[in-house]
Amino acid sequence: MGNDQTRDAKRKTIIAGNWKMNKTVSEAGALARSIVEGLAAEPKGEALPEIVLCPTFVCLAEVLNQVKGSPCKVGAQNMDYRDSGAFTGEIAPPMLAAMQVQYVLIGHSERRQFFGETNDSVNLKVKAALAHGLVPVMCVGELLEQREAGQTDDVVRQQVVAGLAEISAEQIAQAGGAKVVIAYEPVWAIGTGKNCESPEANRVCGLIRGIIEEFYSGKNIASSVSILYGGSVKASTIDEQMQQEHIDGALVGGASLKAEDFLPLIKGGAKRLKSFSHA
Ligand code: 13P
């Protein structure tokens, strides 16, 4: 691993939980508390991955409160791209930033499938997140029909290129990490229990890294962008996933809803970090 520059220890390993439309405020608070307590019970001194909890908007304040002083960060699941105005029901980026929310999922496939999100709206939102100091986790991934028709690589390429359109290398780069995170979530693997085999997930994540390399050629961006895999990640799959060269973490749905399911995934991320220190 020592001479493998693409598996870069400087790139953040991230384990993120997307709680989707689950949990009341008190349930979300209890889950965040159990995760924090579970982490506190672990032996001290072990490097942890970046841990990001993404509850619904109404639970953000409670989860932020519960994770105070812990290693956990908080993300929103969506946002509007505009700063304010007559857009009933929407949440604006400055509102999230003012709460100390640090991450925001953008273009999750459920937003694309059920709420009319497009590559163009994803691009506007990624730009807005960066403008407000939020780290966008831009989600991409093909539908089953697209995979079966051999269109996976084209679909993912289009989503990545359109999502990053008109965003400069300077907007993306920052010392010690990257301001943009990409999550590869094949839609057919989400919530189905059928995860994408690790070598194939790694191949597509590598393809994404290659696209970023072309897009920002010569700017040294691609090796610092964390690329996560999402789709039925669980305790029995995480170790293999975290051994892959281009998979820098996981975006987890179902297995993020209980501390006893999520904590082993954080451990999986920690093992990846440990493998760097032995590289
Ligand atoms: P599952 O882990 O439930 O498959 O969900 C993945 C996902 O959509 C995370 O954003």
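Order of appearance sets the numbers: ligands from 1, and atoms from 1 within every ligand. Positions are given from 1, in the same order as the sequence printed here. The structure presented is a predicted model; accordingly, all values stated were derived computationally and were not measured.
Within 4.0 Å of ligand 1, the residues that place a heavy atom are Asn18, Lys20, His108, Glu185, Ala189, Ile190, Gly191, Gly231, Ser232, Leu251, Val252, Gly253, Gly254, listed by chain and number.
No more than 12 heavy atoms of other residues, nucleotides or ligands shown are found within 6.0 angstrom of NZ on Lys219.
Results of the salt bridge (charged side-chain N to carboxylate O under 4.0 Å, His left out) test with Glu142 over Arg112, Arg157, Arg147 single out Arg147 as the only residue that passes.
Under the 4.5 Å side-chain criterion, counting only non-hydrogen atoms from C-beta, Ser232 is in contact with Thr192. Asp80 is not listed as a side-chain neighbour of Ile91, based on a closest heavy-atom distance of 4.5 Å or more.
Inspection of the Tyr229 and Gln244 side chains reveals no N or O donor paired with an N or O acceptor under 3.5 Å.
Comment: Asp248 engages Arg272 in a salt bridge, judged by a side-chain N to carboxylate O separation of less than 4.0 angstrom.
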